[in-house]
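Keep in mind that the numbers below use all heavy atoms, side chains included, and drop hydrogens, waters and symmetry copies. Ligands are counted one by one from 1 in listed order, and the atoms in each one are counted from 1 as well.
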Amino acid sequence: MGLHGALKRARSSFSKKIRNLISKRDPDLLNDIEDILIQADLGLRSVERLIDALEKVEPTDYYSELQKELINFLNKHISKTIDGNPPFVELYVGVNGVGKTTTIGKRGYILEKEGNKVIFASADTYRTGAVEQLRHWGKRIGADVVESHYGADPASVAFDAVDAAIARGMDYLLIDTAGRLHTKMNLMEEMKKIKRVLSKKREDLPHETILVVDANIGKNTIQQARNFNDTVGITGIDIAKLDGTAKGGIVITIVEELGIPIRFLGIGEDVKDLIPFKAKDFVHALFE
Ligand SMILES: Nc1nc2c(ncn2[C@@H]2O[C@H](COP(=O)(O)OP(=O)(O)OP(=O)(O)O)[C@@H](O)[C@H]2O)c(=O)[nH]1
Ligand SMILES: [Mg+2]
């Protein structure tokens, strides 16, 4: 469906409304645009900055000015490409059901297409069916899965997976973890342990700690992200389920509130439905 298709609902609840207001020469135009931005889950700081920018131009230029401002802002927080020594390790964390395992499968596909050797690890030893789900993705893209038994220590799976990745000369190791509520302290501690064990194994590991969030959760995502970031330090955010959401503004709010770059956008359940986040593409898809 592509990014443009995925943002169809967001577009009609957001940019279409703004365009209508502008063309109707709404007398209270700036106030009404402000309301629409807030409803679209944009944070207050973003809204204020956008309205300030609009105040400096003519109403006929509002639409293009909004896009320009958003692109400039999002481009200030772009994820860096990692360098160093393989295997590059990406640890995926997040609340239950947001799309971690699926994102790993799709990310593996991208990496393999780029010519990398990829291995998965299932450090979700908690949810029934979690390993099978990751194995299914592994089969789909031809990647092995390091796994253990139900109830095993997730940190030890991560530890063994690094050994396996090194022994097999892998370029990337993607580690799946169990979904956890950011308010459950014991589960947050367990995640810290996974990170600790990885960095003991080799001090540059993991290269990335990716928080996966669900685009439909809206503003609660910010608190989730804060807690995860405070506990384990998040290096990038992947936003799943952007297809069908009417609230694309959350993408902007995440960057605004946390300053953490967005890496990938999930736009469906198929292996090809993960696309790198690019400010210009995103804003154009939201507006045009
Ligand atoms: N439409 C859509 N569905 C998605 C996307 N990403 C994941 N899903 C679906 O969301 C559901 C949950 O995805 P999972 O990958 O199992 O989520 P998870 O975070 O690993 O879940 P737990 O391991 O139980 O915490 C599945 O039905 C996925 O197919 C996406 O980008 N778009
Ligand atoms: Mg999972």
Side-chain angles (χ1 to χ4, degrees), residues 1-10 90-110 118 120-141 143 145-148 150-152 154 157-158 161 173-184 186-188 190-191 194 208-218 220-221 224-225 227-228 231-232 234 236-248 250-251 254 262-277 281-282 285-286:
M1 105 165 68
L3 184 59
H4 194 260
L7 287 174
K8 187 165 178 253
R9 284 190 59 209
E90 298 183 354
L91 178 67
Y92 286 76
V93 299
V95 171
N96 312 68
V98 288
K100 295 174 292 298
T101 308
T102 308
T103 301
I104 288 175
K106 296 189 277 192
R107 169 70 172 145
Y109 174 76
I110 291 176
V118 180
F120 293 155
S122 180
D124 183 351
T125 59
Y126 186 74
R127 185 172 64 77
T128 323
V131 176
E132 288 75 10
Q133 191 189 355
L134 194 61
R135 259 194 234 138
H136 162 80
W137 282 104
K139 225 182 244 157
R140 210 150 161 196
I141 69 160
V145 180
V146 177
E147 55 182 75
S148 186
Y150 181 76
V157 179
L173 164 63
L174 310 186
I175 304 175
D176 193 14
T177 63
R180 66 199 71 224
L181 268 179
H182 54 291
T183 47
K184 288 257 164 76
N186 55 333
L187 295 179
M188 295 303 265
E190 178 191 273
M191 203 173 49
I194 298 175
E208 295 259 30
T209 303
I210 302 298
L211 179 71
V212 180
V213 300
D214 176 338
N216 298 288
I217 305 287
N220 284 340
T221 298
Q224 279 178 22
N227 285 18
F228 275 94
T231 314
V232 284
I234 299 301
I237 294 180
D238 290 355
I239 302 182
K241 309 185 196 180
L242 202 66
D243 49 310
T245 183
K247 300 204 165 184
I250 194 63
V251 172
I254 285 174
I262 294 172
R263 259 191 356 158
F264 286 95
L265 303 175
I267 55 164
E269 296 177 281
D270 191 69
V271 69
K272 291 180 183 147
D273 289 335
L274 189 72
I275 52 172
F277 176 73
D281 294 352
F282 176 77
L286 196 57

Practice task
Flag the pair I110 / R107 as yes when at least one side-chain heavy-atom distance between them is below 4.5 Å, and no otherwise.
Solution key: yes

Practice task
Considering only non-hydrogen protein atoms, determine which one is nearest to atom 8 (N) of ligand 1 and report residue, atom name and distance to 0.1 Å.
Solution key: K241 CE, 3.9 Å

Fill in the blank from the handout: Of all protein heavy atoms, the one nearest atom 3 (N) of ligand 1 is E269 CG, 3.2 Å

Handout entry: Backbone of F264 reached by a side-chain donor or acceptor of D238 within 3.5 Å
Key = yes

Exercise for the section: Decide yes or no for I210 and L91: does some side-chain heavy atom of the first lie under 4.5 Å from some side-chain heavy atom of the second? Expected result: no

Exercise for the section: Check whether any side-chain heavy atom of R180 sits under 4.5 Å from a side-chain heavy atom of F228, and report yes or no. Expected result: yes

Exercise for the section: Determine, using heavy atoms of G97 and all atoms of ligand 1, whether some pair is separated by less than 4.0 Å. Expected result: yes

Fill in the blank from the handout: In terms of heavy-atom contacts, A285 and L7 come closest through CB-CD1, 3.7 Å

Handout entry: Check: A130 main-chain N/O paired with D124 side-chain donor or acceptor under 3.5 Å
Key = no

Exercise for the section: Test side chain to side chain contact (heavy atoms under 4.5 Å, CB included) on W137 and L174 and set out the steps. Expected result: CA-CA 12 Å; W137 282 104; L174 310 186; over 6 Å; no

Practice task
Salt-bridge test for E90 and R263: reply yes if a basic N is under 4.0 Å from a carboxylate O, no otherwise.
Solution key: yes

Fill in the blank from the handout: Near D124 (heavy-atom distance under 4.0 Å), the atoms of ligand 1 are 23 (O)

Problem - Per-atom contacts of ligand 1 with N96, taking only distances under 4.0 Å to non-hydrogen atoms - result: 25 (O)

Exercise for the section: Please say whether A178 places an N or O atom under 3.5 Å from an N or O atom belonging to ligand 1. Expected result: no

Exercise for the section: Give the atoms of ligand 1, by number and element, whose distance to some non-hydrogen atom of Q133 is under 4.0 Å. Expected result: 14 (P), 15 (O), 16 (O)

Practice task
Take every heavy atom of A130, measure it against each atom of ligand 1, and state whether any distance is under 4.0 Å.
Solution key: no

Exercise for the section: Kindly indicate whether the side chain of T209, heavy atoms from C-beta on, has any atom under 4.5 Å from the side chain of I234. Expected result: yes

Handout entry: I217 backbone acceptor or donor facing K241 side chain under 3.5 Å
Key = no

Problem - Nearest option to atom 19 (O) of ligand 1, as decided by whichever heavy atom of K106, R180, K100, R127 sits closest - result: K100

Practice task
Going by heavy-atom distance to atom 1 (N) of ligand 1, choose the closest among N216, D243, D176.
Solution key: D243

Fill in the blank from the handout: Counting from 1 in the order shown, the ligand 1 atoms closer than 4.0 Å to a non-hydrogen atom of G266 are 31 (O)

Problem - Proximal candidate to atom 13 (O) of ligand 1 [heavy atom criterion; set V95, T102, V98] - result: T102

Practice task
Rounded to the nearest 0.5 Å, what's the gap from CG on N220 to NE2 on H182? Could you check?
Solution key: 7.5 Å

Practice task
Under 4.0 Å, heavy atoms only, figure out whether ligand 1 is touched by the backbone of I267, its side chain, both or neither.
Solution key: backbone

Exercise for the section: Taking the side chain as every heavy atom from C-beta outward, state whether L242 and F282 have any pair of such atoms under 4.5 Å apart. Expected result: yes

Practice task
For the pair T177 (side chain) and Y92 (backbone), establish whether a donor and an acceptor sit closer than 3.5 Å, ignoring hydrogens and angles.
Solution key: yes

Practice task
Using a strict cut-off of 4.0 Å, indicate which atoms of ligand 1 neighbour a heavy atom of G179.
Solution key: 25 (O)

Handout entry: Closest approach of any protein heavy atom to atom 17 (O) of ligand 1, naming residue and atom
Key = G99 N, 3.0 Å

Handout entry: Neighbouring protein N, O or S atoms of the Mg ion (ligand 2) [cut-off: under 2.8 Å, no waters]
Key = T101 OG1

